[in-house]
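Notes for the one structure printed next.
Scope of the values below: all heavy atoms of this structure, side chains included, with no hydrogens, waters or symmetry mates. All residue numbers in this chain count up from 1 along the given sequence. Because the structure is a prediction, the values reported are computed rather than measured.
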Amino acid sequence: MADILASLRSLMASQSPPLDALLVPSEDYHQSEYVSARDKRREFVSGFTGSAGLALITKNEARLWTDGRYFLQATQQLSDQWKLMRIGEDHPLDVWMSDNLQKEAAIGIDPWCVSVDTAQRWERAFAKKNQKLVQTSTNLVDEIWKNRPPAEINPAVDHPLEFAGRSVAEKLKALREKLSSERARGIIITALDEVAWLYNIRGSDVSYSPVVHAFAIVTLNSAFLYVDKRKVSSKVSSSLQANGIEVREYGAVSSDAAMLASNQLDQATGVNFGQNGVCQNDTCDNDLIWVDPASCCYALFSKLDANKVLLQQSPLALAKALKNPVELDGLKNAHIRDGAAVVQYLVWLDKQMQEIYGASGYFLEGEVTSKKIPETMKLTEVSVSDKLEGFRASKEHFRGLSFPTISSVGPNAAIIHYSPQAKTCAELDPNSIYLFDSGAQYLDGTTDITRTVHFGKPSAHEKACYTSVLKGHIALGNARFPNGTNGYSLDILARIPLWRYGLDYRHGTGHGIGSYLNVHEGPHQISFRPQARNVPLQVSMTVTDAEVITNRIRKFLFPEPGYYEDGNFGIRLENVLVIKEADTEFNFGDKGYLSFEHITWAPYQIKLIDLSILTPEEIQWLNRYHSKCREFLAPYLDKNEMEWLKKATEPKLSAKWFGVARLENSNWWMNLPKLTIAGLADR
């Protein structure tokens with residue numbers, strides 16, 4: 001690591017002007033959350049493997065900024081050459097640089113790896129001391145990265161209409177209408193999932209995300225795809241051409257952005273006005289170029305006339321988030337198959353923990369029977385996550401995982417985005433909590449689910465923490481709210497059960513999810529962050545409901561409801577929800593009301609729930625949810641798996657209200673009228 005920093009500092013000194021600092025972000029040319037191996041520059045220079053972070057190298061220091069999901073991980077991975085800067089606790093990067101770097105300092109960036117809004121924010125901060133942002137002509141990290149992985153030539157494929165639900169022609173027509181309404185004559189599309197969604201193509205250039213490294217430019221009359229042409233088969237090329245899309249080399253986007261700025265791009269194509277677009281002659285009043293400041297890199301923005309740029313969120317972000325009926329059906333079906341895989345995994349793991357480790361198992365709370373276990377039989381965080389992937393791979397339309405599986409035992413579960421490695425991962429422990437956060441990519445949808453389980457005897461404290469997380473999970477999922485409500489307003493619902501005990505988490509509560517695309521999708525979110533105010537929640541959006549807890553001296557939660565105690569354990573529960581219209585008795589203000597529909601199906605472990613803490617309404621919800629698990633998953637399970645699921649989802653009655661801890665074989669429960677529990681609550 002010291003050699004890397006020394007090499008970078010030598011290169012920094014050789015630049016013109018010499019650089020006083022170099023910024024190395026996590027993102028690639030498309031501002032992606034997940035990047036290909038050759039684009040993991042920040043990981044290469046720092047050794048920190050988390051998906052979010054920003055490295056700063058000065059002449060004498062190296063600092064890394066990251067958010068609360070990664071504080072513990074970064075502490076473990078950074079060498080003594082680096083200092084961790086905790087976002088939300090330490091000074092923001094731009095403030096720190098402005099305050100600590102000398103006047104007129106030159107700060108280097110690769111303009112392809114920095115978004116427009118980030119670069120402009122830094123420029124404003126640096127102006128206070130006449131510091132300047134210097135765009136390097138090459139990426140300095142690439143120059144010293146001797147064994148940088150080569151670019152892969154992975155084929156682009158058509159995403160069939162049976163899964164996409166809307167044709168490319170429909171999407172282009174809607175986009176051009178939006179451009180015209182905003183007086184724009186073209187748009188530069190840089191986000192990989194937006195390019196894939198618009199042109200109904202998928203790929204495998206980035207692990208866990210079925211996208212192609214590509215840019216797009218769409219004008220009122222023409223459309224372009226910028227991609228390594230070796231990735232485009234004759235079949236894909238024909239379908240693109242049929243929709244008026246011209247395929248050009250990936251690197252040509254830079255010169256074409258300049259041509260777009262000078263209004264020469266359409267003329268250079270020979271496309272007749274009106275053939276594909278909305279202009280019928282060359283007297284269109286539209287003169288702006290639309291650029292999303294959060295996803296467009298500074299390099300392309302620099303090719304444009306800043307006075308004629310519409311800096312606004314891409315219209316494709318919302319269009320993609322509003323799932324069409326075909327996408328919604330696909331997502332629901334994908335989650336049912338995925339839920340079956342999770343149940344099959346739990347059945348297998350329950351048996352293994354009992355047979356190998358002498359655990360009491362998923363259902364009982366007995367003490368562990370000590371056993372001497374041969375090395376070849378031991379279960380590790382990696383070996384069991386591989387087994388989970390195998391169950392998913394057997395399902396129809398499976399194409400891979402949607403993110404690296406977080407398979408974590410005991411203290412590792414307190415690391416929010418823990419990524420187990422075969423050589424260093426922990427062995428499963430029947431006396432510790434086990435958390436697995438995982439998901440898959442299917443042709444008809446993307447999944448994301450988290451469950452937390454215990455195969456031994458959980459403590460009263462662990463039960464209380466789990467139940468608090470579950471209460472927040474239920475509260476958010478049961479919310480009803482008027483049209484126009486944003487995720488910022490709902491975020492508190494997941495936190496209130498935790499606040500009661502003085503607990504909280506440093507992250508948002510929910511994120512959108514793609515339709516065979518990125519597992520994290522905007523523009524909406526459920527979070528305490530100000531950005532969650534920007535976009536109201538709308539019918540047909542997807543969003544996760546995930547609560548978390550970790551247990552050690554420092555307590556905090558995950559972007560899904562949960563709780564963590566560093567060094568002891570973590571608890572997280574996560575489902576995917578679809579926003580739908582709510583059937584309310586009244587309609588104040590004629591706004592219309594919305595609610596959530598769960599589409600994730602896997603049981604919550606009853607053994608970890610303190611039923612006395614749940615309200616009758618919460619228990620009623622739990623029973624109904626478990627009943628639907630049995631109904632939806634039954635076609636995908638064999639007799640043994642179904643018997644296990646029936647036992648895992650037996651209806652429960654609250655000791656608080658009925659004077660009994662649980663009633664066995666209470667099949668009559670499901671026939672109780674809905675008013676029974678509500679009536680008891682009034683007593």
| Modelled atom types, side-chain donor and acceptor of H511 and Q525, under 3.5 Å | no
| Should N100 and H91 count as side-chain neighbours, where that means a heavy-atom distance under 4.5 Å? | no
| field | Closest non-hydrogen atom pair between R41 and C113, with its separation | value | NH1-SG, 3.7 Å
| note | In short, H213 meets H30 closest at the heavy-atom pair CD2-CD2, 4.2 Å
| said: For the residue pair T138 / E143, report whether a side-chain donor-acceptor contact shorter than 3.5 Å exists. | reply: yes
| Short question: side chain of R42, backbone of G50 - any donor-acceptor pair under 3.5 Å? | yes
| task | Look up atom CZ in R183 and atom NZ in K308, then write down how far apart they are to the nearest 0.5 Å. | result | 10.5 Å
| field | Side-chain touch I107/V134, heavy atoms, less than 4.5 angstrom | value | no
| said: Can you confirm whether K303 is buried at NZ, in the sense that more than 12 heavy atoms of other residues, nucleotides or ligands lie under 6.0 Å from that atom? | reply: no
| Would you say the side chains of Q81 and S79 form a donor-acceptor pair under 3.5 Å? | no
| query | Are L322 and M541 side-chain neighbours, meaning at least one heavy-atom pair lies under 4.5 Å? | reply | yes
| Side chain T118, main chain S115, donor-acceptor under 3.5 Å | no
| message | Strictly distance-based, threshold 3.5 Å: is any side-chain N or O of S14 a donor or acceptor partner for the main-chain N or O of L11? | response | yes
| Do W112 and L300 come within less than 4.5 Å of each other through their side chains, counting heavy atoms only? | yes
| query | Do T450 and T544 come within less than 4.5 Å of each other through their side chains, counting heavy atoms only? | reply | no
| request: In sequence, state the C-alpha distance, the side-chain angles, and the governing distance for V35 and V206, and then conclude on side-chain contact (heavy atoms from CB on, under 4.5 Å). | output: CA-CA 6 Å; V35 300; V206 178; 5.6 Å; no
| Rounded distance (nearest 0.5 Å) linking atom CZ of R399 with atom OG of S204 | 11.5 Å
| message | How long is the straight-line distance from NZ of K40 back to CG of D28, given to the nearest 0.5 Å? | response | 11.5 Å
| query | Just checking, any donor-acceptor pair under 3.5 angstrom between side chains of S222 and E246? | reply | no
| said: I'd like to know if K320 pairs up with D193 as an ion pair, taking the criterion as any Lys NZ or Arg NE/NH1/NH2 lying under 4.0 Å from an Asp or Glu carboxylate oxygen. | reply: yes
| 4.5 Å side-chain heavy-atom contact, D545 and V543 | no
| note | To the nearest 0.5 Å, atom CD of E574 lies from atom CD1 of I406 at 8.5 Å
| field | Side-chain donor or acceptor of W65 paired with backbone N/O of L84 under 3.5 Å | value | no
| Which atom pair, heavy atoms only, marks the closest approach of Y34 to H520? | OH-CE1, 4.0 Å
| message | Between N412 and P420, is there a side-chain heavy-atom distance shorter than 4.5 Å? | response | no
| request: Provide the closest heavy-atom pair for I513 versus E521 in the form atom of the first, atom of the second, distance. | output: O-OE1, 3.3 Å
| field | Polar side-chain atom of S46 near backbone of F48 as donor-acceptor pair, under 3.5 Å | value | yes
| message | Could you tell me if T190 and Y29 have a donor-acceptor pair between their side chains, going purely by distance under 3.5 Å? | response | no
| request: May I ask you to check whether S32 and E27 show a side-chain donor-acceptor distance below 3.5 Å? | output: no
| said: Can a side-chain donor-acceptor contact be found between R248 and Y226 if the only test is distance below 3.5 angstrom? | reply: no
| query | Where the side chain of N486 meets the backbone of S489, is there a donor-acceptor pair that is under 3.5 Å apart? | reply | yes
| message | For the CG atom of D256 and the CD atom of E249, what is their distance to the nearest 0.5 Å? | response | 11.5 Å
| Checking salt bridge (Lys or Arg N to Asp or Glu O under 4.0 Å) for the pair D205/K231: CA distance, chi angles, key distance, verdict? | CA-CA 10 Å; D205 284 347; K231 300 177 181 180; 2.6 Å; yes
| Which atom names give the shortest non-hydrogen contact between I57 and R9, and what distance separates them? | CG2-NE, 3.9 Å
| request: Determine whether the side chains of D491 and S527 contain a donor N or O and an acceptor N or O closer than 3.5 Å. | output: no
| task | Assess whether atom CD of E61 is packed by more than 12 heavy atoms of other residues, nucleotides or ligands within 6.0 Å. | result | yes
| said: Closer than 3.5 angstrom, by distance alone: can the side chain of D20 be matched with the main-chain N or O of A106 as a donor-acceptor pair? | reply: yes
| Check: L101 main-chain N/O paired with Q131 side-chain donor or acceptor under 3.5 Å | yes
| Output field: ring centroids Y250/F215 closer than 6.0 Å | yes
| Do the non-hydrogen side-chain atoms of W122 and L23 ever get within less than 4.5 Å of each other? | yes
| task | Return yes if some donor-acceptor pair links the side-chain N/O of K128 with the main-chain N/O of D99 below 3.5 Å, else return no. | result | no
| query | Looking only at side chains, do S314 and D292 share a donor and an acceptor under 3.5 Å apart? | reply | no
| query | Shortest non-hydrogen contact from A257 to I188? | reply | CB-CD1, 4.1 Å
| said: Checking T219 against N221: is there a side-chain donor and acceptor pair closer than 3.5 Å? | reply: no
| How far apart are the C-alpha atoms of I289 and L260, what are their side-chain angles, what is the distance that settles it, and do they pass the side-chain contact (heavy atoms from CB on, under 4.5 Å) test? | CA-CA 8 Å; I289 306 301; L260 178 65; 3.6 Å; yes
| message | Could you go through L265 and I217, starting from their C-alpha distance and side-chain angles, then the distance that decides it, and tell me whether this counts as side-chain contact (heavy atoms from CB on, under 4.5 Å)? | response | CA-CA 10 Å; L265 187 58; I217 291 179; 3.8 Å; yes
| query | Under 3.5 Å, is there a donor-acceptor pair between the T446 and Q441 side chains? | reply | yes
| field | Stepwise side chain to side chain donor-acceptor pair (under 3.5 Å) test for Y70 and S51 | value | CA-CA 9 Å; Y70 297 109; S51 65; 2.6 Å; yes
| said: side-chain contact (heavy atoms from CB on, under 4.5 Å), that's the test. Do R63 and W96 meet it? Break it down for me. | reply: CA-CA 11 Å; R63 294 175 179 251; W96 188 92; 3.1 Å; yes
| query | Do side-chain atoms of N518 reach the backbone of G514 as a donor and acceptor pair under 3.5 angstrom? | reply | no
| remark: Output for pair (L22 CG, T136 OG1), nearest 0.5 Å, gives 7.0 Å
